[in-house]
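To keep things clear, I will list the structure first and then write my remarks on it.
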Amino acid sequence: MTPEFFINLPKVELHAHINGSISENTMAALVEQKGGVDPSWRLAFKNGESDTLESVFKMFKLIHKVTDTVEAVYKVTYDVIHEFAAENVKYLELRTTPRSEPSTGMTKLSYVESVIRAIQDCSKESLDIIVRLILAIDRRHPVSVAMETVNLAAEYREKTDGLVVGIDFSGDPNAGDGAEFIPVFEEGRRQGLKLALHLAEVPAPEETWKILQVTPDRIGHGTCLQPDTGGSKQLEDFVTRHRIPLELCLTSNIVGKTVEGYDNHHFQYWYDLGHPCVICTDDKGVFSTTLSREYSIAAETFSLSDKQMWDLSYRSIDFIFSDEHVKHMLRKKWTDSKDRLSVK
Ligand code: IMP
Ligand code: ZN
């Protein structure tokens with residue numbers, strides 16, 4: 001399989017944080033517009049570099065200093081959608097944390113509206129991509145803020161006729177006790193929002209067990225669910241029994257050093273079990289990757305054939321936060337692609 005095969009393969013991206021997905025080009029344009037950005041700021045990890053989760057989270061803080069206006073937030077969202085569309089991502093769920101910036105007048109409301117406007121503007125162009133939005137809860141912020149995010153998501157879901165589909169739970173996994181947010185997740189579910197939660201990104205078996213009881217619709221990372229990665233049989237059994245899909249982000253885990261190397265990635269374990277796995281980028285800008293590259297790394301590392309890669313991509317459609325009509329449309333696109341890709 002050539003790099004072109006992975007670019008031409010139709011794909012679904014379900015785990016992409018907007019500010020972590022900023023490409024080098026967009027970043028350069030924003031930095032130039034802004035001026036006065038400290039040249040020593042490190043705004044991405046280049047291919048092959050790895051660091052710690054702590055450094056990854058420091059980087060997000062710097063990126064947020066560059067994307068501190070509604071215009072910048074619009075541009076990032078608009079560009080990220082175009083970049084995913086250019087590598088044949090046909091369905092994209094973006095996620096982002098509503099953020100205010102008093103110095104520029106940006107409020108959480110104007111932030112969310114800017115993101116939504118960019119998505120809507122893209123949908124008026126002839127791009128072959130469907131985009132949905134997930135609002136993110138940062139676990140470093142108070143529970144009351146998380147509750148506001150749920151209400152904001154529910155409000156904008158109504159206002160946009162279903163463009164906002166769910167709630168994410170993210171931020172530094174070493175910060176705070178995630179179990180405190182359980183009432184927030186329950187409220188989100190009550191309001192009809194889907195739950196895509198970062199879980200077991202680092203070993204935290206007690207917290208993970210408590211949060212699992214809300215039965216998230218999808219799990220981000222799930223690196224430390226199995227006993228040999230700091231989880232437990234109980235956690236693994238729960239996830240297996242409920243067939244909770246895992247959003248797996250290979251390069252992200254390597255750069256953040258929560259996984260030692262590609263060959264040790266938990267993808268292998270869950271894939272071999274026949275468990276629902278979706279390959280995602282997490283933060284394609286910060287980790288200097290693309291979804292096509294992540295597919296290519298998975299194929300090479302785990303010796304998967306073109307048919308297996310096509311199937312992996314096709315099965316991802318089952319786990320999107322959209323209705324059967326959208327799934328049906330996507331499945332047709334995938335089936336049509338088979339001949340073009342010479343997949344038997
Ligand atoms: P934003 O929400 O669009 O501003 O995207 C950046 C934010 O996403 C970060 O500040 C984190 O809260 C979150 N994020 C990105 N990658 C990860 C991850 O691997 N684990 C947990 N949170 C993450
Ligand atoms: Zn993530």
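Just so you know, ligand 1 is whichever comes first in the structure, and atom 1 is the first atom listed for that ligand.
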Part of [X] within contact of ligand 1 (heavy atoms, under 4.0 Å):
X	answer
Asp283	side chain
Asp138	side chain
His15	neither

Notebook entry, point to check: How far is atom 18 (C) of ligand 1 from its nearest protein heavy atom, and which residue and atom is that?
Noted result: Glu201 OE2, 3.4 Å
Checklist line | Atom nearest to the Zn ion (ligand 2) - Asp282, N, O or S atoms considered | finding: OD1
Checklist line | Evaluation steps, salt bridge (charged side-chain N to carboxylate O under 4.0 Å, His left out), between Asp336 and Lys332 | finding: CA-CA 6 Å; Asp336 292 348; Lys332 176 150 186 345; 3.1 Å; yes
Next item on the list: State whether His198 contributes an N/O/S atom found under 2.8 Å from the Zn ion (ligand 2).
Entry: yes
Next item on the list: Give a yes/no answer: is there an N/O/S atom of His17 under 2.8 Å from the Zn ion (ligand 2)?
Entry: yes
Next item on the list: May I ask whether His64 has any heavy atom positioned less than 4.0 angstrom from an atom of ligand 1?
Entry: yes
Notebook entry, point to check: Any non-hydrogen atom of His221 lying under 4.0 Å from ligand 1?
Noted result: yes
Does [X] reach ligand 1 with a nitrogen or oxygen that is under 3.5 Å from one of the ligand's nitrogen or oxygen atoms?
X	value
His17	yes
Ala136	no
Ser252	no

Next item on the list: Give me the one residue out of His15, Lys194, Arg218, Arg132 that meets side chain to side chain donor-acceptor pair (under 3.5 Å) with Glu93.
Entry: Arg218
Check: If you draw the axis of the six-membered ring of Tyr156, does the NZ or CZ of Lys159 fall within 45° of it and under 6.0 Å from the ring centre?
Finding: yes
Check: Got more than 12 heavy atoms from elsewhere within 6.0 Å of CD, Gln213?
Finding: yes
Item checked: Pair His275 + Tyr271: ring centers closer than 6.0 Å -> no
Next item on the list: Apply the side-chain contact (heavy atoms from CB on, under 4.5 Å) test between Val184 and each candidate in Val214, Ile167, Val150; give the one that qualifies.
Entry: Val150
Checklist line | Main-chain N/O of His64 paired to Arg99 side chain as donor or acceptor, under 3.5 Å | finding: yes
Next item on the list: Say whether, by atom type as modelled, one donor and one acceptor occur between the side chain of Asn8 and the main chain of Glu4 under 3.5 angstrom.
Entry: yes
